[in-house]
Novice: 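Here it is, the structure, as structure tokens.
Note that ligands are numbered from 1 as they come in the structure, with each ligand's atoms numbered from 1 the same way. Bear in mind that the values here come from a model prediction, so they are computed numbers and not experimental data.
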Amino acid sequence: LCPPGVLPLCGRLPAWDRASRPPPSPLQPPGLPLAPCRSFSNNKIQVELDESSGVAMMKFKSPPVNSLSLEFLTEFSISLEKLENNRACRGVIITSALPKIFSSGLDITEMCGKSIEHYTEFWRAVQEMWLRLYGSNMVTVAAVNGSSPAGGCLMALSCDYRIMAENPKFSIGLNEAQLGIVAPFWFKDTFVNVVGHRVAERSLQLGSLHPAPEALKLGLVDELVPEEKLMEKAAAVMAQWLALPDHARQLTKTMMRKAVLDRLVAHREEDIKNFISFVSKESIQKSLRMYMEMLKKRKS
Ligand code: CO8
């Protein structure tokens, strides 16, 4: 049973504890071809599953900037869980349906002037998104087709492979320090596991947003391609990863990621308490409000 306030899907067996997919549905008559493409769309995320290749495309479509609101995060976790439980799905490509933005990170308005109950629910949803994505049994590829600060960067970092559009105007990084806030330990762990300790330490302390070419140099993304080739490349990378037997790849992924996942699972409630006590401070609220005002001023 789920404790109160926990998304319903976390009652299931965690993805990172499962070594293999569930058996085929007895409802599928033998010999009948599978439907080639299934799609489901909710308000903020569109998902299309090509059952012949086993690859799903998840497109963020929450204008203006795909900020990670409570609603977005909940849809994301539920969509990922649906794919995870679908035997026909072996890999997912995540990208944005909006021009120039992959995701602007956590929705700052969710962290400003809200109740303790709201902060609790919001932070649990942020944790859930990461646990699901970082711990996914599927192959996950981020096709980063725009800027991707903070929580948006975390989503890309949580995938198995990152391809970014070759556009120096697009940047990516964990810029929390620039907002006067601190990336939690599991953001940091995920970052360290991708770029190494030294690069992560410098980048986190400076709250750097790295233009695409620099992100490639640092290993924050795996490759850059011209924007028009991004999806084609993502599909090719996915095919390469899916050519391996699932069980070997999944167990290897678990071996690499389990300790980091377990750390948050073991300290989940403490992490929520820390977030609430941090975000409730008047000085932090002031920093967040000033940052939002700066975004608005920059626009006008
Ligand atoms: N949350 C809420 N609203 C946002 C966010 C956001 N993250 N980002 C942008 N917006 C809003 C803007 O305020 C603006 O609103 P309005 O139209 O009402 O004026 C609208 O979205 C469009 O924004 P821009 O005009 O700035 O759009 P651009 O296309 O020019 O630029 C960018 C897009 C590059 C994404 C730019 O908006 C930007 O830099 N945004 C801020 C991104 C950012 O710094 N995010 C960090 C969030 S914090 C986080 O993810 C992790 C925190 C974890 C630690 C927590 C401990 C407390």
Side-chain angles (χ1 to χ4, degrees), residues 44 60-73 76 96-114 116 118-131 133-134 144-158 164-165 167-191 200 203-212 215 264 267-268 270-300:
K44 297 181 179 293
F60 304 157
K61 46 153 191 150
S62 180
V65 288
N66 288 331
S67 65
L68 307 177
S69 60
L70 178 59
E71 191 187 344
F72 185 109
L73 291 163
F76 179 82
S96 165
L98 309 182
K100 296 188 274 185
I101 307 287
F102 180 71
S103 162
S104 71
L106 300 193
D107 191 318
I108 297 166
T109 63
E110 300 276 15
M111 301 187 281
C112 279
K114 298 284 197 294
I116 302 286
H118 183 86
Y119 292 145
T120 306
E121 194 182 2
F122 177 63
W123 198 248
R124 205 181 287 285
V126 179
Q127 294 176 331
E128 191 72 23
M129 172 274 288
W130 178 76
L131 289 169
L133 185 58
Y134 200 61
V144 184
N145 52 346
S147 286
S148 195
C153 175
L154 179 75
M155 288 184 107
L157 289 171
S158 303
M164 192 166 181
N167 183 339
K169 286 191 184 146
F170 297 163
S171 60
I172 184 165
L174 293 179
N175 61 322
E176 281 79 355
Q178 280 195 39
L179 283 73
I181 56 178
V182 181
F185 71 88
W186 40 284
F187 281 49
K188 179 269 295 173
D189 286 345
T190 312
F191 197 26
S203 184
L204 274 173
Q205 286 198 47
L206 294 173
S208 307
L209 283 172
H210 305 284
L264 178 60
H267 299 284
R268 204 164 169 179
E270 196 185 325
D271 183 60
I272 292 173
K273 280 198 192 117
N274 285 342
F275 169 73
I276 294 171
S277 97
F278 187 73
V279 87
S280 306
K281 285 188 173 59
E282 189 37 45
S283 58
I284 299 302
Q285 286 290 308
K286 197 173 160 200
S287 296
L288 292 173
R289 282 195 303 268
M290 278 168 59
Y291 190 75
M292 283 302 278
E293 274 161 29
M294 181 277 289
L295 285 178
K296 285 191 197 306
K297 267 196 205 133
R298 201 185 57 169
K299 197 174 168 184
S300 53

Novice: Is it the case that more than 12 heavy atoms not belonging to Met290 sit under 6.0 Å from its CE atom?
Specialist: no
Novice: With a sphere of 6.0 Å drawn around NZ of Lys61, does it hold more than 12 non-hydrogen atoms of other residues, nucleotides or ligands?
Specialist: yes
Novice: Under the criterion side chain to side chain donor-acceptor pair (under 3.5 Å), I'd like the reasoning laid out for Ser67 against Asp107: C-alpha separation, chi angles, the key distance, then a yes or no.
Specialist: CA-CA 5 Å; Ser67 65; Asp107 191 318; 2.9 Å; yes
Novice: Using a strict threshold of under 4.0 Å (side-chain N to carboxylate O), is an ion pair present between Glu128 and Arg268?
Specialist: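 Answer for the salt bridge query: yes.
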Novice: Could you tell me if the ring centre of Trp123 sits under 6.0 Å from that of Trp186?
Specialist: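 Yes, close enough.
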Novice: Do any N or O atoms from the side chain of Asn145 and from the backbone of Ser96 form a donor-acceptor pair under 3.5 angstrom?
Specialist: yes
Novice: Polar pairs, ligand 1 vs protein, N/O only, below 3.5 Å.
Specialist:
residue: ligand 1; atom: 1 (N); partner: Ile108; partner atom: N; Å: 2.9
residue: ligand 1; atom: 7 (N); partner: Ser104; partner atom: O; Å: 3.2
residue: ligand 1; atom: 7 (N); partner: Ser104; partner atom: OG; Å: 3.3
residue: ligand 1; atom: 7 (N); partner: Leu106; partner atom: O; Å: 3.0
residue: ligand 1; atom: 8 (N); partner: Ser104; partner atom: OG; Å: 3.4
residue: ligand 1; atom: 17 (O); partner: Lys299; partner atom: NZ; Å: 2.5
residue: ligand 1; atom: 18 (O); partner: Lys296; partner atom: NZ; Å: 3.0
residue: ligand 1; atom: 19 (O); partner: Lys296; partner atom: NZ; Å: 3.4
residue: ligand 1; atom: 19 (O); partner: Lys299; partner atom: NZ; Å: 3.3
residue: ligand 1; atom: 26 (O); partner: Arg298; partner atom: NH2; Å: 3.0
residue: ligand 1; atom: 44 (O); partner: Asn175; partner atom: ND2; Å: 3.0
residue: ligand 1; atom: 44 (O); partner: Tyr291; partner atom: OH; Å: 2.7
residue: ligand 1; atom: 45 (N); partner: Ser104; partner atom: O; Å: 2.9
residue: ligand 1; atom: 50 (O); partner: Leu106; partner atom: N; Å: 2.7
residue: ligand 1; atom: 50 (O); partner: Gly151; partner atom: N; Å: 2.9

